[in-house]
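The basis for the numbers below is simple: all heavy atoms, side chains too, and nothing from hydrogens, waters or symmetry mates. All residue numbers in this chain count up from 1 along the given sequence. Atoms within each ligand, like the ligands themselves, are counted from 1 in listed order.
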Amino acid sequence: MKIGIIGAGAIGETAARLLSRAGHAVAISNSRGPASLASVVAEIGPGAQALTAEEAAAFGEVVLLAVPWRRPEALPAPERVAGKIVIDAMNPYDDNLQVIDLGESSSSEETAKRLPGARLVKAFNTLRAETLRNGGQLGADDRLVLFLAGDDAEAKSVVARLIDEIGFVPVDTGSLREGGRLQQPGGPLYGREMQAEEAQAALAGLKPA
Ligand SMILES: NC(=O)c1ccc[n+]([C@@H]2O[C@H](COP(=O)([O-])OP(=O)(O)OC[C@H]3O[C@@H](n4cnc5c(N)ncnc54)[C@H](OP(=O)(O)O)[C@@H]3O)[C@@H](O)[C@H]2O)c1
């Protein structure tokens with residue numbers, strides 16, 4: 001698939017490496033422009049290119065958001081991603097790395113409001129970038145779980161396949177609202193490095209029977 005990545009920091013670059021290694025065409029972007037990413041794309045290989053953020057959003061059949069959530073100006077124009085599968089890896093931290101209080105809402109629900117028409121899936125947000133980078137190397141029996149949440153079943157199945165292809169076990173936590181809350185900072189699944197059985201048991205214990 002063609003995957004556009006907005007943000008080429010710890011998460012964006014790591015995801016680009018994993019997805020490229022799995023055979024996908026990736027375009028990464030940042031705030032400083034494609035030239036600043038020349039050495040990174042050269043290192044990732046011929047399946048990778050650097051574009052502007054808007055170009056990367058246009059390029060991707062799937063678009064991964066890996067910029068600070070507190071910088072909504074970093075998001076692509078809504079019309080650029082309308083109808084596309086958009087993966088929200090962002091967590092709502094402020095400049096002092098404190099979690100932003102969103103009251104009854106959550107960061108991915110706010111992202112969905114900012115990008116109407118996008119087929120939003122919350123994923124890649126619960127593990128540290130380093131764990132993501134190293135986890136992709138684990139053998140089949142040791143694979144770690146990557147959680148995903150969203151309201152579009154088909155979009156979730158595409159993201160689940162990508163997660164599997166990069167060497168993790170996809171585990172669906174439910175809707176963007178309910179599952180997303182389990183995955184967010186302070187939620188019971190946030191930051192947890194788990195294998196499939198443990199994750200399913202944890203999830204079963206969290207959901208009403
Ligand atoms: N790091 C982790 O372990 C981790 C784990 C899970 C989820 N997350 C979430 O993933 C997101 C990214 O985190 P990170 O650690 O990868 O951050 P990071 O290393 O600071 O990288 C942020 C990226 O966003 C880009 N960016 C900032 N403003 C932009 C704009 N206006 N337009 C285009 N690109 C812009 C930056 O580009 P420049 O460098 O050119 O400014 C940089 O490439 C955050 O929401 C974070 O909460 C992080």
Atoms in ligand 1 with a heavy atom of [X] nearer than 4.0 Å:
X: Trp69; value: 45 (O)
X: Ala89; value: 7 (C), 8 (N), 9 (C), 10 (O)
X: Met90; value: 45 (O)

For [atom], find the nearest protein heavy atom and state the residue, atom name and distance (0.1 Å precision).
atom: atom 48 (C) of ligand 1; value: Ile11 CG1, 3.3 Å
atom: atom 3 (O) of ligand 1; value: Ala129 N, 2.8 Å
atom: atom 15 (O) of ligand 1; value: Ala10 CB, 3.6 Å
atom: atom 12 (C) of ligand 1; value: Ala66 O, 3.3 Å
atom: atom 40 (O) of ligand 1; value: Arg32 NE, 2.7 Å
atom: atom 21 (O) of ligand 1; value: Gly9 CA, 3.2 Å

To the nearest 0.5 Å, how far apart are [atom1] in [X] and [atom2] in [Y]?
X: Met90; Y: Ile11; atom1: CE; atom2: CD1; answer: 12.0 Å
X: Gln184; Y: Ser106; atom1: CD; atom2: OG; answer: 5.5 Å
X: Gln183; Y: Thr126; atom1: CD; atom2: OG1; answer: 6.0 Å

Worked verdict on Lys156 versus Asp172 for side-chain contact (heavy atoms from CB on, under 4.5 Å)
CA-CA 8 Å; Lys156 282 203 284 195; Asp172 187 347; 3.0 Å; yes
Exactly one of Ile87, Thr111, Ile5 clears side-chain contact (heavy atoms from CB on, under 4.5 Å) with Leu65, and that residue is Thr111
Ignoring hydrogens and geometry, is there a side-chain-to-backbone donor-acceptor pair from His24 to Met1 under 3.5 Å?
yes
I want to confirm something. Looking only at heavy atoms, which of [options] is nearest to [atom]?
atom: atom 5 (C) of ligand 1; options: Leu127, Asp88, Asn125; value: Leu127
atom: atom 26 (N) of ligand 1; options: Val67, Leu97, Leu132, Asn91; value: Val67
atom: atom 28 (N) of ligand 1; options: Ala56, Gly191, Gly7, Ala74; value: Ala74

Answer yes or no: does an N/O atom from [X] fall short of 3.5 Å to an N/O atom of ligand 1?
X: Phe124; result: no
X: Ala8; result: yes
X: Ile6; result: no
X: Ser31; result: yes

Can Asp95 and Arg71 be said to form a salt bridge (charged side-chain N to carboxylate O under 4.0 Å, His left out), step by step?
CA-CA 10 Å; Asp95 284 326; Arg71 304 259 177 273; 3.1 Å; yes
Please determine whether a side-chain nitrogen of the Lys or Arg among Glu110 and Lys113 lies less than 4.0 Å from a carboxylate oxygen of the Asp or Glu.
yes
Steps toward side-chain contact (heavy atoms from CB on, under 4.5 Å) verdict (Thr173, Leu189):
CA-CA 9 Å; Thr173 61; Leu189 303 176; 3.6 Å; yes
Does Ser36 form a side chain to side chain donor-acceptor pair (under 3.5 Å) with Asn30? I'd like the steps, not just the answer.
CA-CA 8 Å; Ser36 66; Asn30 63 8; 3.0 Å; yes
Is there at least one protein heavy-atom neighbour under 4.0 Å from atom 38 (P) of ligand 1?
yes
With a 4.0 Å heavy-atom cut-off (strictly under), which part of Pro68 contacts ligand 1: side chain, backbone, both or neither?
both
